[in-house]
Student: 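Let me begin by handing over the structure; questions about it come next.
Every heavy atom of this structure was used, including side-chain atoms; hydrogens, water molecules and symmetry mates were not. Here is how names work: the chains are called A, B, and so on, in the same order as the sequence lines, proteins then strands, and each is numbered from 1.
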Amino acid sequence: MESGEQQELPRESLHEKLLQEQPAEKAAVRPPEKAEVTLPAPDIPDKKTHYCGLLNTGYVNSRIRLAGWVGRRRDHGGLIFIDLRDRSGVMQLVFDQKLGAGLFEESESLRSEYVVAVEGEVVRRSEENINPALPTGEIELRVEAMEVLNTSKTPPFYIEDDINVDENLRLRYRYLDLRRPEMLGRLQLRHRAVKLVRDYMDRYDFLEVETPMLTRSTPEGARDFLVPSRPHPGDFYALPQSPQLFKQLLMVSGVERYFQVVRCFRDEDLRADRQPEFTQIDIETSFFGIENLFALTEGLVALLWKEIHGVEIKRPFLRMPYSEAMNRFGSDKPDLRFAMELVDLNDLAVKSQFKVFTSALEGGGAVKGLRVKGGQKMSRKDLDDLTLLARQLGARGLAWVFVEENGWRSPISKFFDDALMADITSRMEAEEGDVLLFVADRWDTTCHVLGYLRRHLAPEDIAPEPHFLWVVDFPLFHYDDEEQRYESDHHPFTAPRVEDLPLLESDPLAVRAQAYDLVLDGVEIGGGSTRIHDSTVQSGIFKLLGLSEEESREKFGFLLEALSYGAPPHGGIALGLDRLVALLTGDESIRQVIPFPKTAAASCLMTGAPAGVAGKQLEELKLKLQKQEEEE
RNA sequence: GGAGCUGUGGUGUAGAUGGUUAACAUAUCGGCCUGUCAAGCCGAAGAUCGCGGGUUCGAGUCCCGUCAGCUCCGCCA
């Protein structure tokens, strides 16, 4: 049965083209002076003729007007220096008592973050007064006229880079936080990245199409944010977890090449790299083929790194099946900047007298080891902590061995004869002074736990250059022990691999999906799949997922119907814009690159959202709040 | 749902083992000061130590609870 295996696009060698071509257009940030369109009312009319940070010695002797915020003030009595800051940077203003008492008196009242417009002459600083730390350090503005446009309360923290303040405070006064140059720089970089994306996609004929923010809740996947409907009391919209269904429907519509920079919403617990609302670069294609999609994505990512970091990224990216990623690195998003691979020990462990190993193997599990180079520095307490960590991650325990001159020092060495110890030591390429860690458990637990420890114990000197990787051949399903049913690993519209179709009935867990993730240095930056474009196959998958005929018709009828009207083979990918930008800026948390982010408890410290609403609003929606349950 | 860490003038911190005027830096305000760029010097004001209980003659410090933030596990197709 045809299930959605994509064919190569025959009519042109797009793949080759994508691999070789470098978009010529550069999306540099243009200084505002060079804007091509003259505004009807001249730009920055009477307050401002130039930007602070863009001035240089070429402007010496020019009469200009600047406007911005008062930064640091250095008051020498009869001479006052002000750092005037605007979006572009900083310019030193000089107020001299000798040049007019009235103006000077006025300047004495200036305080941090006052908004001022000034007029004067750009002058060259004398040699000994040049500030090499400042781009405009060779010049200054001798102020001859000033207008105070607004005053300011003393800000709660310094408006400058590298401040050391509680993030609470920054979030509460985010508008001031964003006034800091490094934060404005992040906004600028993000803007530039998005512009590069739009121009790139446009060059390859992709159409940016908007999809609804108010849509319907779907049973699979993350928890939805719900929005009550006033005209339909008791009914709810859901905010989209992604435009998944709409982009597939756009393929049925014949758009063929779609993309969107789009906000998505998931009501799940947060992390440093997860926000309740986040932005995706969403892409979907028809008649395109997976090779083209990979090349397109690689080209896009490489473009970002080239334009923003000047780094040439090697293409094509490495590809690795999911099973290999798990076996070698214990993760479906392995960090390839360092080796420290997990070592498969099943065949050796079975020869030991160690029950933990042998019984795990008898139960169909796996035994794997991780070599910690120079691990002898670890104390007994460190190892106990690691053991506790392993338990918390779901393992039954963690075995450890000190490799010493005379062999193993370990509570478990008595279960191994000398030859076996030697074999394991040599398989793990261990040397004297190393510590070996072992987990014996279900295969997935073993991989997961050791993969976590691998990251946890990663060497400090990891390679600085980015390691991109495609993880492919994900399983189509996993089994949910709690719900006692199969669940889609990616999403329920993912096409199985054609050669695995026969396994759908006999061994669903063995079926591989046409799904892929794009991984960079241990971070998942995107993922996608070839979709099912056959309504019969789609119905079959729904059934396997435990959705009854009525249920799937009720929830996804529109999709099944659409698929029956000549749906083309299609597939796509979505890239996490926030994560991409955070990687480009080198930030640990995506909150740094989101202008108005939420906290780990999903509240906004600035607006106070979420917040209660008036009773009248609830009445209109026919909603009643439940009393909070009292504790028993 | 669970675990860990953090919470002291506006801000960043110090306050071993409980002991009475809670320290320092910086910002703020006032004074002096014409080449600074984290300007400098002098002075002043500014804190019921996140909140609520408890133990104690006495709590910033110990105990319990609670709130907020951060990080992680679960969760996030």
Student: Identify whether any heavy atom of A/Ala133 sits under 4.0 Å from a base atom; if not, whether one sits that close to sugar-phosphate; answer base, sugar-phosphate or nothing.
Tutor: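 Since no nucleic acid heavy atom lies under 4.0 Å of A/Ala133, the category is nothing.
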
Student: Measuring to OP1 and OP2 of B/G69, would you say a side-chain N or O of A/Thr599 lies under 4.0 angstrom away?
Tutor: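 The answer is yes; a side-chain N or O of A/Thr599 sits under 4.0 Å from OP1 or OP2.
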
Student: I need the CG-P distance between A/Asn164 and B/A38, as an integer number of Å.
Tutor: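 Computing the A/Asn164:CG to B/A38:P distance gives 18 Å.
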
Student: Apply side-chain hydrogen bond (donor to acceptor under 3.5 Å, both in side chains) to A/Arg125 and list each qualifying residue two or more places apart in sequence or on a separate chain.
Tutor: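 side-chain hydrogen bond (donor to acceptor under 3.5 Å, both in side chains) list for A/Arg125, sorted by chain: empty.
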
Student: Taking any heavy-atom pair under 4.0 Å as a contact, classify A/Leu169: base, sugar-phosphate, or nothing.
Tutor: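 Touches sugar-phosphate only.
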
Student: Is the ring pair A/Tyr486/A/Phe477 parallel, tilted or perpendicular, if the boundaries are 30 and 60 degrees?
Tutor: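 Correct class here is tilted.
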
Student: Taking any heavy-atom pair under 4.0 Å as a contact, classify A/Asp267: base, sugar-phosphate, or nothing.
Tutor: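 If one applies the 4.0 Å heavy-atom cut-off, A/Asp267 turns out to touch nothing in the nucleic acid.
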
Student: Does a nitrogen or oxygen in the side chain of A/Ser603 sit under 4.0 Å from OP1 or OP2 of B/G69?
Tutor: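 So the side chain of A/Ser603 is within the cut-off, an N or O lying under 4.0 Å from OP1 or OP2 of B/G69.
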
Student: Could you give the CD-to-P distance, from A/Gln97 to B/C32, as a whole number of Å?
Tutor: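 Computing the A/Gln97:CD to B/C32:P distance gives 11 Å.
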
Student: Mark yes or no for a side-chain to base donor-acceptor pair under 3.5 Å between A/Arg391 and B/G2, with no hydrogen or angle criteria applied.
Tutor: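 Such a pair does not exist between side chain and base.
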
Student: Could I get a table of every N or O pair under 3.5 Å where one atom is in the protein and the other is in nucleotides 39-43 of chain B?
Tutor:
| unit_1 | atom_1 | unit_2 | atom_2 | d |
| --- | --- | --- | --- | --- |
| B/A39 | OP1 | A/Arg72 | NH1 | 3.2 |
| B/A39 | OP2 | A/Arg74 | NH1 | 3.3 |
| B/A39 | N6 | A/Asp75 | O | 2.6 |

Student: Across the strands shown, which category fits A/Asn168 at heavy-atom distances under 4.0 angstrom: base, sugar-phosphate, nothing?
Tutor: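 Counting heavy atoms under 4.0 Å across all strands, the contact made by A/Asn168 is with sugar-phosphate only.
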
Student: Starting at the 5' end of RNA chain B, which residue's closest nucleotide do you reach first, A/Arg271 or A/Ala602?
Tutor: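 Going by which nucleotide is closer to the 5' end, it is A/Ala602.
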
